[in-house]
Amino acid sequence: MEAQIPCQRDLFDLPDDVAYLNCAYMSPLLKRAVQLGAEGIARKARPWTISPADFFTDSERARGLFAELVGATAEDIALVPSASYGLAIAAANLPFAEGRRILVLADQFPSNVYTWRELAAGTGGEVVTVARPADGDWTAAILARLDQRVAIAALPHCHWTDGGLIDLVAVGARCREVGSALVIDATQSLGALPLDLAAVRPDYLVCAGYKWLLGPYSLGYLYIAPRHQDGRPLEQNWIARAGSDDFARLIDYQDRYQPGARRFDMGERSNVALLPAGIAALEQLLRWGQAAIAGTLAARNAGIVERAAALGMRAIPVHLRAGHFVGLRLPGGAPAGLPERLAKEQVYVSLRGDSVRVTPHLYNNDADVDRLFGVLERAL
Ligand SMILES: Cc1ncc(COP(=O)(O)O)c(C=O)c1O
């Protein structure tokens with residue numbers, strides 16, 4: 001077992017009287033990311049300090065760091081503004097035809113549902129929803145629906161409402177057996193739940209950067225398997241073309257793109273504020289190590305689940321749940337206004353579906369958890 005990481009609150013700007021247990025909503029930025037982001041935006045006040053080389057350096061650094069985190073190469077990564085943008089690239093490029101199916105989960109995050117409804121509606125295909133399994137075993141429920149009719153399985157690594165875990169290695173193997181593509185939305189997992197890319201072998205994997213990647217809003221990442229890297233980007237941006245580093249020759253229009261997945265980068269990807277902040281976050285995640293983060297958060301959450309059980313709140317059993325992610329359910333549902341009542345006392349969690357979602361990170365301490373249960377004990 002990995003050693004536990006001690007509390008990292010000092011690296012964040014969290015007041016002592018705030019119990020922020022809501023990383024799945026939006027992580028706080030590291031102080032260092034705030035500083036670098038602020039320095040970056042200040043450079044735009046002095047544009048002569050931004051050189052043509054700066055349009056490439058930080059983009060490549062961010063691409064490389066995300067590649068390291070996910071176990072790919074920089075060639076495989078595109079910079080995207082959102083999960084939905086990455087999913088739109090997958091939807092625009094995967095073969096799909098009338099009568100075929102796209103598999104999603106019940107209550108899946110809407111960006112990863114609307115995209116596929118749109119594709120199905122335009123082609124005469126069908127979105128098929130895997131019902132929430134009574135025994136909590138999503139993997140078995142997915143495998144039962146994953147047959148030759150499925151052309152695209154569009155799935156997360158864990159459910160965004162309660163952390164229900166999906167064995168993506170098993171799902172990836174079945175996808176290859178039945179000839180389905182696998183598109184993963186890792187927004188609620190990557191950074192805190194390691195994924196073995198070489199074993200899962202997805203076609204596309206997208207991750208918004210502002211939750212478990214601890215990055216700024218509007219900077220995310222898309223892994224594209226090498227077999228799809230000659231596909232069609234959503235935009236035809238100047239920087240995605242060959243030779244775009246020679247600013248004097250940009251009007252020597254080029255049919256060729258930059259190598260690898262770079263052609264899929266969002267327009268104006270070279271953001272002087274967002275990229276340095278995102279880089280600082282990815283560097284810190286790599287320093288801690290994803291396995292150690294996962295182990296530390298799993299231990300923190302085991303304590304939360306145990307205390308919640310004493311109040312009659314139930315989480316999915318640990319072997320069917322991502323360790324970093326807890327959704328707590330009450331038999332009669334959460335009392336109205338519970339998150340607001342908690343927020344009044346500076347305790348922050350989310351209500352998603354019928355789950356009280358509690359998602360701490362390394363900045364949380366025992367006092368935060370005590371504050372949570374102090375309010376819950378009075379409220380329930
Ligand atoms: C599973 C999941 N995917 C994606 C997102 C964000 O989507 P987008 O980047 O399209 O806004 C969220 C936000 O809560 C999420 O929970």
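Numbers for residues simply follow the sequence, beginning at 1. Computed from a prediction, not measured in an experiment: that's the story for all the values here. Start at 1 and go down the list; that is how both ligands and their atoms are numbered.
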Under 3.5 Å, is there a donor-acceptor pair linking the side chains of [X] and [Y]?
X      : Y      : value
Asp76  : Thr73  : yes
His324 : Asn301 : no
Gln229 : Tyr257 : no

Ring geometry between Phe109 and Trp160 (parallel below 30°, tilted from 30 to 60°, perpendicular above 60°):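 If you compare the ring of Trp160 with that of Phe109, the planes turn out perpendicular.
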
Charged N-O contact under 4.0 Å between Arg352 and Asp107: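 Answer for the salt bridge query: no.
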
Test item: Val150 and Arg100 side chains (from C-beta on) under 4.5 Å apart, heavy atoms: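 Side-chain contact under 4.5 Å: no.
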
Please tabulate, one line per pair, the protein N or O atoms found under 3.5 Å from any N or O atom of ligand 1, giving the distance to one decimal.
{"residue": "ligand 1", "atom": "3 (N)", "partner": "Asp185", "partner atom": "OD2", "Å": "2.6"}
{"residue": "ligand 1", "atom": "9 (O)", "partner": "Ala83", "partner atom": "N", "Å": "2.7"}
{"residue": "ligand 1", "atom": "10 (O)", "partner": "Ser84", "partner atom": "N", "Å": "3.0"}
{"residue": "ligand 1", "atom": "10 (O)", "partner": "Ser84", "partner atom": "OG", "Å": "3.4"}
{"residue": "ligand 1", "atom": "10 (O)", "partner": "Ser111", "partner atom": "OG", "Å": "2.8"}
{"residue": "ligand 1", "atom": "14 (O)", "partner": "Lys211", "partner atom": "NZ", "Å": "2.8"}
{"residue": "ligand 1", "atom": "16 (O)", "partner": "Gln188", "partner atom": "NE2", "Å": "2.9"}

